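Positions are given from 1, in the same order as the sequence printed here. Computed from a prediction, not measured in an experiment: that's the story for all the values here. For ligands, and for the atoms within them, numbers begin at 1 and follow the listed sequence.
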Amino acid sequence: MGDASRRNFLARGGAAVGLLALAGCRGLPQPQWLQDLLRSSEGLTRRVQRSFAGGNSLAKEFTKADIAPVFRANGTRNPVNPAYQAMRANNFQDWRLEVNGLVEAPLSLSLEQLRAMPSRTQITRHDCVEGWSCIGEWKGTPLRLVLDAARPKPKAHYVMFYCADPMGETPDAPLYYESLDLIEAVHPQTILAYELNGQTLPLQHGAPIRLRAERQLGYKMAKYVMHIELVQDFAHIRGGRGGYWEDHGYNWYAGI
Ligand SMILES: Nc1nc2c(c(=O)[nH]1)N[C@H]1C(S)=C(S)[C@@H](COP(=O)(O)O)O[C@H]1N2
Ligand SMILES: [Mo]
């Protein structure tokens with residue numbers, strides 16, 4: 001083996017071991033769908049990309065002393081969507097998170113059901129591509145657990161997040177959406193957050209549920225998430241680039 005191919009081999013091996021360790025070290029058993037994913041060629045490609053991008057590591061976590069007194073809001077702060085406003089008026093009792101697409105067991109989860117699942121709390125820094133950062137404490141359900149319950153099919157490669165907020169002044173404007181690949185989706189710091197700094201997730205930060213994917217730039221962290229769909233690819237969805245801002249020119253891969 002030449003030096004270059006040896007380095008390559010070591011990098012791949014290291015990346016795979018790192019991810020398997022991460023996936024395994026939280027005491028979560030590895031269901032069949034995740035074992036299959038990690039062994040697949042799709043999984044290998046993604047692992048190699050992550051190893052170049054700085055790895056299968058955890059994003060830095062901070063202390064309570066680092067938390068910003070006010071967490072800045074950006075983008076939509078109050079969706080101009082009548083159906084959303086009706087749910088909000090009823091304290092989201094009628095809200096359901098739909099999880100479907102390429103899964104064995106589609107789900108429709110109430111807020112109560114999500115809150116009853118094991119949670120993760122993390123103090124992290126949010127980095128917006130516009131050039132500001134903010135540290136906050138997020139609590140939510142690991143997306144991994146929701147996916148475990150839905151059991152992705154082998155062809156599922158991406159997780160789409162469809163949001164309630166029209167990106168314009170009127171309800172008929174295109175709705176915000178985003179996507180992650182499955183490797184990022186099962187990362188331990190990828191959560192469906194329902195609390196910020198110990199409080200119920202405020203309206204301007206995406207009530208009742210917003211995605212936190214802590215190794216990604218801010219625009220990946222979809223607020224007002226209503227529907228999660230597992231797909232093989234997203235070329236046929238909306239503008240075809242995997243997200244509202246991606247359709248407007250941002251990179252799909254937003255790892256930091
Ligand atoms: N649904 C939805 N999600 C969104 C946005 C948005 O406008 N709508 N803006 C994105 C951008 S660019 C950033 S920086 C963060 C802002 O999150 P915050 O308002 O909690 O700071 O949300 C992201 N997720
Ligand atoms: Mo952003």
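Applying the salt bridge (charged side-chain N to carboxylate O under 4.0 Å, His left out) test to residues at least two apart or on different chains, the pairs with a partner in residues 187-208 are R115-E195.
Screening Y177, Y250, W245, Y253 for a ring pair (Phe, Tyr, Trp, His ring centres under 6.0 Å) involving Y219 leaves a single residue, Y250.
Ion pairing between E61 and R120 holds under the 4.0 Å rule for side-chain N and carboxylate O. The existence of a salt bridge linking K220 and E246 is confirmed by a sub-4.0 Å separation between a basic side-chain nitrogen and an acidic carboxylate oxygen.
Here the straight-line distance linking atom CG of D181 with atom CG of L37 works out to 8.5 Å at 0.5 Å rounding.
The aromatic rings of W132 and F71 sit perpendicular to each other, their planes meeting at more than 60°, with 30° as the lower class boundary.
Closer than 4.0 angstrom to ligand 1 sit non-hydrogen atoms from F71, R72, A73, N74, G75, T76, H126, C128, W132, C163, D165, M167, Y176, Q204, H205, R210, G218, Y219, M221, A222, K223, Y224.
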